[in-house]
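These notes concern the structure reproduced below.
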Amino acid sequence: MHKVGVIGSGYVGLVTAVCFAELGNKVICVDNDKEKIKKLQRGAIPFFEPGLEELVSKNRKAKSLVFSSNIKDAVTASEVIFICVGTPSNEDGSADLSAVEKVSMEIAKSMKEYKVIVEKSTVPAETGEKITRTIEMYRARKIDFDVVSNPEFLREGQAIHDTFHPDRIVVGVENPRAERIMRELYRPLKAPVIVTNINTAEIIKHASNSFLAVKISFINAIANLCDRLNANVDQVAEAMGMDSRIGRAFLNAGAGYGGSCFPKDVEAFIYLASQKGYDFELLKSVKRINEGQKTILFNKIKDALWIIKNKTIGILGLSFKPDTDDIRSSVAIEIITKLQEAGAKIKAYDPQAVAKAKEKLSGVDFCRDAYETAANSDCLVIVTEWDEFRNMDLMKIKRLLRQPVIIDGRNIFKSSKMKQLGFTYKSIGRGL
Ligand code: NAD
């Protein structure tokens, strides 16, 4: 049993905290958002993540997981402290590490004995060195500590499964004492542990996310070629993916990636490279292709409707991907804003993300389901590939729409089936 402190109770922090608690550790989870902590202390979960509520409730009752809005509580009570705060983009594309710095200072001021301080937030290489320097500057006296990089690879929507069944655990550590503690902490998961120096671990995270973004932009580039050549990108991806050297994952053509990780991590990696004198042209292209996919979706809507002004457009999906309510850098939000600027009236629905979207968008008629969204709309646009949309009654949708027009930004239906049902159906990379 270890005493674990987790600072930042967002998607990563809360999941990390509850999973360590479930594995038999005593965990204290902190956030500087007092409202969030009050909610958590009442047993409410501030965001949607399948299975999370039950697990938090179980571990709260067992007192293996407690919440606080005071970092000092976590530092005093714990030997290992995970930093899980946000690292969003600055204007210039670099990672905004101000929360990481602030937390490091506060940890330093509260330390009274040896601590392992673990950066789990996604950060650029050399952040570990900066955390070390900050703690040395702000600690009250020469208390011993180690900084470890332990990047997180969970996927929102499957975060608990991913935390209990990771493909690998990366530990960037430069002292055997901290390595032993980290190995013990992760031993119950029986997953491969890759031990590296701190810079290497930090690069592994940025390299992994950037590579996934490369795959998405690559297949989108192929999709754009398929559209010009009357070929089908789904079949290209299927056949490519059967090659074990390539793999099928992340070869889904569509309106591009969004979310709180890929866009900012690609940006931060490009920025880090340029700071070190390397022009990461490949990633610049990946970013450009991704931006272009949103314009391609917009133009497909425009092609189908001719004039956008005063048309009613039904949007299906607001979250950046299915099974989450996270709308950070969501393609849907960008598309809606662009369509509103062009004079469209927007109706929209998402199985989980409506509440968050309401805080971000104005002038949108939010609906209770796909059918209400389709009713009297001039077309329906699929932006997030929720299973609920795959399973909807298409004949009912057709009856409700003013015109049977569907623009599918995620290729969830077969073109031949949609044609057979009498839809004007446009998707990404399925030919002319
Ligand atoms: P999030 O915004 O959901 O959570 C961050 C939390 O940190 C918030 O609750 C915020 O209030 C809190 N916080 C900020 N400053 C604080 C401070 N000074 N003291 C205490 N708490 C503070 O973010 P997230 O999605 O959990 O991401 C956290 C980090 O993990 C980021 O670096 C992200 O890139 C990385 N990551 C995210 C995912 C993901 O799928 N969300 C996956 C892997 C890695």
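We count ligands from 1, going down the list as the structure has it; atoms in each ligand are counted the same way. Keep in mind that this is a model prediction, so the values were computed, not measured.
H206 and F269 have tilted rings, their planes meeting at an angle from 30° to 60° on a 0 to 90° scale. Using cut-offs of 30° and 60° on the angle between ring planes, the pair Y257 and F262 is perpendicular.
Closest to atom 5 (C) of ligand 1 among all protein heavy atoms lies G86 N, 3.6 Å. Regarding atom 13 (N) of ligand 1, its nearest protein heavy-atom neighbour is N32 OD1, 3.6 Å. Nearest protein heavy-atom neighbour of atom 44 (C) of ligand 1: T122 OG1, 3.5 Å. Scanning the protein for heavy atoms near atom 43 (C) of ligand 1, the closest one is E152 O, 3.3 Å. Here the protein heavy atom with the shortest distance to atom 12 (C) of ligand 1 is D31 OD2, 3.2 Å.
Where the criterion is an N or O separation shorter than 3.5 Å, residue side chain and backbone included, I7 fails it with respect to ligand 1. For the pair K264 and ligand 1, the shortest N or O to N or O distance falls below 3.5 Å. Of the N or O atoms in D33, none lie within a sub-3.5 Å distance of an N or O in ligand 1. Of the polar atoms of K102, none of the N or O atoms is found under 3.5 Å from an N or O of ligand 1, judged by distance alone.
For the pair E113 and K115, the salt-bridge criterion is met [side-chain N within less than 4.0 Å of a carboxylate O]. Using a 4.0 Å cut-off between charged side-chain N and carboxylate O, E106 and K102 make a salt bridge. Here K3 does not pair with E79 in a salt bridge; the nearest charged N to carboxylate O distance is not below 4.0 Å.
Here C84 has backbone heavy atoms under 4.0 Å from ligand 1, and that is the only part of it that gets that close. Under 4.0 Å from ligand 1, the heavy atoms of K36 that appear belong solely to its side chain.
Taking every non-hydrogen atom of A99 and a distance limit under 4.0 Å, the qualifying atoms of ligand 1 come out as 15 (N). Close contacts between ligand 1 and G10 involve ligand atoms 1 (P), 3 (O), 4 (O), 6 (C), 9 (O), 26 (O) [criterion: under 4.0 Å to a heavy atom]. Under a 4.0 Å criterion applied to the non-hydrogen atoms of E156, ligand 1 contributes the atoms 39 (C), 40 (O), 41 (N). Every atom of ligand 1 with a heavy atom of L154 under 4.0 Å away is listed here by number and element: 40 (O), 42 (C). Interface atoms of ligand 1 facing V103, defined by a heavy-atom separation under 4.0 Å, are 17 (C), 18 (N), 19 (N).
Other residues, nucleotides and ligands place no more than 12 heavy atoms under 6.0 Å from the CE atom of M242. Around NZ of K215, the count of heavy atoms belonging to other residues, nucleotides or ligands within 6.0 Å exceeds 12.
When the options Y11, F47, F320 are ranked by their closest heavy atom to atom 3 (O) of ligand 1, first place goes to Y11. Comparing V85, T87, I83 against atom 29 (C) of ligand 1, the shortest heavy-atom distance belongs to V85. Residue V12 holds the heavy atom nearest to atom 38 (C) of ligand 1 of all those in V12, I71, V123.
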For this session: Determine, step by step, whether E267 and K287 satisfy the side chain to side chain contact (heavy atoms under 4.5 Å, CB included) criterion, reporting the C-alpha distance in whole Å, the side-chain angles of both residues, the deciding distance to 0.1 Å, and the verdict.
Result: CA-CA 8 Å; E267 283 273 10; K287 187 183 141 189; 3.0 Å; yes
Exercise. Would F280 and Y271 count as a ring pair (Phe, Tyr, Trp, His ring centres under 6.0 Å) if you check the C-alpha gap in whole Å, the side-chain angles of each, and the deciding distance to 0.1 Å?
Worked result: CA-CA 9 Å; F280 214 145; Y271 184 89; over 10 Å; no
For this session: I would like to know whether L14 and D31 meet side chain to side chain contact (heavy atoms under 4.5 Å, CB included); could you show each step before the answer?
Result: CA-CA 10 Å; L14 187 55; D31 206 283; over 6 Å; no
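A donor-acceptor contact closer than 3.5 angstrom links the side chains of D96 and S98. N59 and S64 share a donor-acceptor pair across their side chains, judged by distance under 3.5 Å alone.
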In residues 354-369, what donor-acceptor pairs under 3.5 Å come from side-chain atoms, sequence neighbours left out?
from, atom 1, to, atom 2, distance (Å)
K356, NZ, Y11, OH, 3.2
K356, NZ, D325, OD1, 3.4
K356, NZ, D325, OD2, 3.3
R368, NE, E372, OE1, 2.9
R368, NH2, E372, OE1, 2.9
D369, OD1, Y371, N, 3.1
D369, OD1, E372, N, 2.8

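For the ligand labelled ligand 1, residue K205 lies inside the 4.0 Å heavy-atom shell. Ligand 1 has at least one atom lying under 4.0 Å from a heavy atom of R328.
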